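Please see the structure below; I have some questions.
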Amino acid sequence: MPFIGRSMTRREDRALVRGEARFTDDLGAADDVPIVDAVHMVVVRSTVAHARIVGVDATEALALPGTVAVVTGADLAGTVSPYPVVSRDGATLADAPVEVVATGTVRYVGEPVAAVLARSRATAEDAAELVVVDYEPLEPVASVDDARRRVAVVHDAAPDNVLVRWSHRSGDVDGAFRDARRVARCHLHIPRLVAAPIEVRACVAAHDAADDLVTLWASAQDPWRQSAQLAAVLRRPEASIRVVVPEVGGAFGSKGSLVPEYALAAWCAIHHRVAVRWFEDRSENFLAAYQGRGMQADVELALGDGGRFLALRADIAADIGAYLYPNTPNVAVTTAMLMTGCYDIAAAEVRVEGLATTKVPTGPYRGAGRPEAAFFVERVVDVAARATGLDPVEIRRRNLVAPGAFPHDNGLGHRYDSGNYPAALDEACRLLGYDALRAEQRDARASGRLLGVGIASYVERAAPGGWESAEALLAPGGRVVVRVGSSPHGQGHETTFAQVAADALGVAPDAIDVRHGDSSAGPPGVGTYGSRSVTLGGSAVLQACEGLLARATVAAATLCGVDPADLDYRDGRWSRRDRPDEGVGLADVAAAALDAGAPMRADARFTIASPVFSFGTYGAAVEIDPETGRVEILRIAAVDDAGVVVNPLLAEGQVVGSSVQGVGASLYEEVVHDADGQPVSGSFVSYGIPSAPDVAFELETALLCTPSPLNPLGAKGIGEAGSIGVPAAVDNAVVDALAPFGVEHVDPPYSPERIWGLVAGRPDARAGG
Amino acid sequence: MELRLTVNGAQVSGDVEPRTLLVHHLRTALGLTGTKVGCDTSSCGACTVLLDGRSVKSCTVLAVQADGCEVTTIEGLADGDELHPLQAAFHDHHALQCGYCTPGMIMAAVSLLRERRPLDDAAVRRGLEGNLCRCTGYRGIVEAVLAVAASEDARPGAAGAAVAR
């Protein structure tokens, strides 16, 4: 029985549950990290949203015993290059890369202005408070509307405050809208969110002057993007940089690009000849780690006879923040390219403007553009349902891309590889108990209860970024060591990759060791993001192990004195067809290869031509307390199709975890800045993420399987599913519950205050900030 | 200041700055890095340890406040190679992904199992309200704690005793 497709508990767990796993701030001498002489870095951050830096006075800080150095933008000038930000998918970008330390102008509260190095963390914090920064205030640009009104220009390179521009048009959009029987319209807003991994950002940087090697131990999603971007910023060849990613306490997109503070620590290590460690506070993570979402859209859907979707138009505005990280522009463009959703829509026109605001930059957060697309599309579909009098399930069923119509060009530049959208819709309705809920809703409404039911179908682009690689090595004793470029931060790569390798090699997963996370050891990689690791990294593991088995079979044949075709292979052992009792095992082949001085190994680099497209349908049932405005989620049904799933236990874990993050986005989470651009939500006290009692609702999950034709595993991605499906489904359920009040739309989060305002007939609570 | 603690059964003493938090003392002076730091506001619970048998957030306790007390950290839970029942249950029920909240979550659950009976889904959720997990959605965590509670209840006369190791 194959191991692919089997629920297996994780090999990663043992060290983690014992408290023995090593996260970045746990590293020390035992990990070969030069911690003994390390200095602590504390960052001095801008306290204002937009200002010219008149001067930085570090006199008092330097006078504090234990202070080693104070580093400012002036020190870095001429020694660092801008972050490499390149356009993808045809986006036009302004030249506004994020800076390591502010030079001349600060553009958000929390922007690094200086770094203090000191012998102890406490001294560094004390010294940082003694650094005096003189600001000449400039007008803050606190919202997309402020940016469009040009209350100030954030970057001279973008006089119109537009940092990202993208548009696409296909089909006869104007004709379709002209001929439409009806047009469904809505204006939608999603607030900024924070990823909030429980481990904040952390690094240790050291410079070996003898070898001129910079080593960065970092809490990051992968070593590769840190390494490539660090090389560009520090103007060094990548070969002179080693990045090690130890255990990582979650990321959810927020540790993908090089963290400016990591670059700062590395710069300090080089120029001050000390090892530098940095572990931010939670408040710094709220202030300065790039945030997610922050997008609004005007969406129009032209409807023909029978509720047929004829054409879609969308204008999307993204609150980009003060600068572009390398992965910032991708988010809004990802949204734009998925705006036809799961539907067969012949004509579409979508425009994106990403606007500069004087707030912390945005970037990917779990879903990274797909939750926004699902929310925008699924909301206008429900508006269309209400306008046509069709049931929300029925109007979806009439417009979904048909199962026989793949590959499907979505009109916005994507080719969906495979799918069975009606099957996911049907299964979600069954799991949710859709028909029974509708009946219950009629009774509930008659007695004044506010029960709502919402459905959302989504399709997501998974496995972007082209390739991953793997190396399989036959080790002494017959164990197989698989080194992968792809590295995890909680996903369970070691367990799933061992399952893939086990099937390829016909052995048990226990016979496989999986290694990752060090840019100086093993094959190169791209990174863990965009639900890509199994599809790309797993396929690379599969091919490397197949290559290893082919080589080992040739070697086994030599040992047995027969032709490879005359051997049978099973359970790690080759036997002669003519004399089945005679044969050799993996250990024999390993020993022979070692004797010959040529360890047996095989490499593979799996490249995919285009992304794969996971999909699913989510359903939500909610009840609203009209007295308090509190939204209670009663039940969520999550139906996902990620093609072939290697480990259903872990896949379901991703669905459940991302669904709860989706509930956080729906009910609680919202980054708030005041009109001056000062953040108001700066801790877990003022920014609530779900705790265990908040998410006691029923959550029913199901995995369907429509394999992808684009990779040998048939896999797609599952890591972000619930963050995409849940908010859209819950939103439709909340609006459905409020239908008796004539409510046509409400933006998340659905706080009691906002909902109560609607129930009490307060129209000012209708839209978010 | 002079500080004497019993940590995971061993007596330790040393000099400590009065402003040192217990979590920093454990991690830095004693090298017990299993206890994590996750926030500045006593919100996340990653730093949960047992102080004289009851769970506390060690970022909210000065090291000197623990003088003379018994501290149990995640490193003190397993019996050699044998995992504590909660550690095993967290593994069995896929109650962790990144694992960063896990030490604090397990220590909070140890305390919960000792203090509160009977436990059902809602009681476990309430009992762990002070410990944040961003990965799992809590489902596996609740299942793991309930499984250990059930196995203890099934053992005659053993309610709560086994986890007090």
Side-chain angles (χ1 to χ4, degrees), chain A residues 7 9-10 12-23 25-28 121-122 195-200 247-252 279 281-283 285 488-492 649-650 652-661 663-664 683-685 689-696 699 722, chain B residues 17 19-20 24 27-28 31-46 73-78 83-84 86-88 90-104 106 121-122 124-142:
Chain A
S7 282
T9 53
R10 301 195 319 169
E12 289 90 340
D13 292 349
R14 190 173 172 82
L16 291 164
V17 298
R18 293 175 65 93
E20 293 169 354
R22 309 292 279 171
F23 294 83
D25 199 49
D26 303 336
L27 298 176
R121 168 74 181 252
I198 306 299
E199 183 201 29
V200 293
E247 292 293 336
V248 177
F252 315 111
F279 182 76
D281 284 343
R282 175 62 59 185
S283 60
N285 188 267
H489 37 285
Q491 293 86 351
L649 175 74
L650 273 53
E652 196 196 20
Q654 291 294 317
V655 171
V656 174
S658 61
S659 289
V660 165
Q661 285 193 11
V663 168
S683 75
F684 283 136
V685 177
I689 67 172
S691 62
D694 297 329
V695 289
L699 173 55
Chain B
E17 254 193 277
R19 68 175 171 180
T20 307
H24 292 137
R27 289 179 52 83
T28 308
L32 294 170
T33 53
T35 303
K36 304 302 182 199
V37 175
C39 71
D40 325 319
T41 49
S42 301
S43 307
C44 80
T73 71
I74 189 73
E75 290 94 340
L77 218 51
L83 295 179
H84 182 281
L86 272 168
Q87 291 173 318
F90 267 56
H91 167 74
D92 293 342
H93 292 270
H94 191 32
L96 62 151
Q97 289 178 22
C98 82
Y100 195 81
C101 76
T102 306
I106 289 177
D121 184 279
V124 171
R125 287 177 184 275
R126 271 198 310 278
L128 298 178
E129 186 170 15
N131 290 71
L132 296 175
C133 169
R134 191 61 158 166
C135 293
T136 65
Y138 303 100
R139 176 188 278 187
I141 293 169
V142 175

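FYI, side chains are in, hydrogens and waters are out, and symmetry mates aren't considered; it's all heavy atoms of this structure. So that the names make sense, note that chain A is the first sequence line, chain B the second, and so on, each numbered from 1. Quick caveat: nothing in here was measured; it's all calculated off a predicted structure.
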(Q) Between A:S683, A:G250, A:G653, who has the most heavy-atom pairs with chain B when the cutoff is under 4.5 Å? (A) A:G653
(Q) Looking only at heavy atoms and a cut-off of under 4.5 Å, which of A:I198, A:N285, A:V685, A:V660 has the most pairs with chain B? (A) A:I198
Q) Most heavy-atom pairs under 4.5 angstrom with chain A, which of B:L128, B:T136, B:L96? A) B:L96
Q) If you count heavy-atom pairs under 4.5 Å between each of B:C135, B:G34, B:P103 and chain A, which one has the most? A) B:C135
Q. If you tally heavy-atom pairs under 4.5 Å against chain A, which of B:I141, B:N131, B:V37 wins?
A. B:V37
Q.
Using a 3.5 Å distance criterion without hydrogens, assess whether the side chain of A:R282 forms a donor-acceptor pair with backbone atoms of B:T41.
A. no
(Q) Less than 4.5 Å apart, side chain to side chain, heavy atoms only: is that true for B:R134 and A:Q661? (A) yes
**Q.** Among the listed options B:A122, B:A95, B:G38, B:G31, the residue most often paired with chain A at heavy-atom distances under 4.5 Å
**A.** B:G38
Q: Tell me, for A:V17 versus chain B, whether the close heavy atoms (under 4.5 Å) come from the side chain, the backbone, both or neither.
A: both
Q: From the options B:T102, B:I106, B:L83, B:L77, select the one residue that forms a side chain to side chain contact (heavy atoms under 4.5 Å, CB included) with A:R18.
A: B:L83
Q | Heavy-atom contact with chain B under 4.5 Å, split by part of A:V248 | A | backbone
Q: Please look at A:R121 and chain B and tell me whether the side chain, the backbone, both or neither of the residue comes under 4.5 angstrom of a heavy atom of that chain.
A: neither
(Q) Using a 4.5 angstrom heavy-atom cutoff, name the option from A:P488, A:G492, A:G664, A:A195 with the most pairs to chain B. (A) A:A195
(Q) Under a 3.5 Å distance rule, please check whether A:R10 uses its side chain to pair with a backbone N or O of B:Q97 as donor and acceptor. (A) yes
Q. If you tally heavy-atom pairs under 4.5 Å against chain B, which of A:A122, A:A15, A:S659 wins?
A. A:A122
Q: Give a yes or no on whether the backbone of A:P690 and the side-chain of B:Y138 come within a donor-acceptor separation of less than 3.5 Å.
A: yes
**Q.** By side chain to side chain donor-acceptor pair (under 3.5 Å) - contacts of A:E652 (at least two apart)
**A.** A:T701, B:R139
Q) Does a salt bridge link B:R27 with A:D26, judged by any charged N lying under 4.0 Å from a carboxylate O? A) yes
(Q) Under a 3.5 Å distance rule, please check whether A:D281 uses its side chain to pair with a backbone N or O of B:D40 as donor and acceptor. (A) no
(Q) Report which part of B:H91 has an atom under 4.5 Å of a heavy atom belonging to chain A: side chain, backbone, both, or neither. (A) both
Q: Output the option from B:G45, B:G137, B:S43, B:C98 having the highest count of non-hydrogen pairs under 4.5 Å with chain A.
A: B:C98
**Q.** Atom of A:F684, atom of B:C39 and distance for their closest heavy-atom approach
**A.** CD1-CB, 3.9 Å
Q.
Can you list everything that forms a side chain to side chain donor-acceptor pair (under 3.5 Å) with B:E129? Sequence neighbours excluded, please.
A. none
**Q.** Heavy-atom contact with chain B under 4.5 Å, split by part of A:D25
**A.** both
Q. Would you call B:R125 and A:V695 a side-chain contact if the rule is heavy atoms closer than 4.5 Å?
A. yes
Q. How long is the gap from CG on A:L16 to CD on B:Q87, to the nearest 0.5 Å?
A. 11.0 Å
Q.
If I measure from the heavy atoms of chain B, does A:T9 come under 4.5 Å with its side chain, its backbone, both, or neither?
A. both
Q | Interchain contact, A:E20 with chain B, by part (heavy-atom threshold 4.5 Å) | A | neither
Q) In terms of heavy-atom proximity below 4.5 Å to chain B, should A:A21 be classed as side chain, backbone, both, or neither? A) backbone
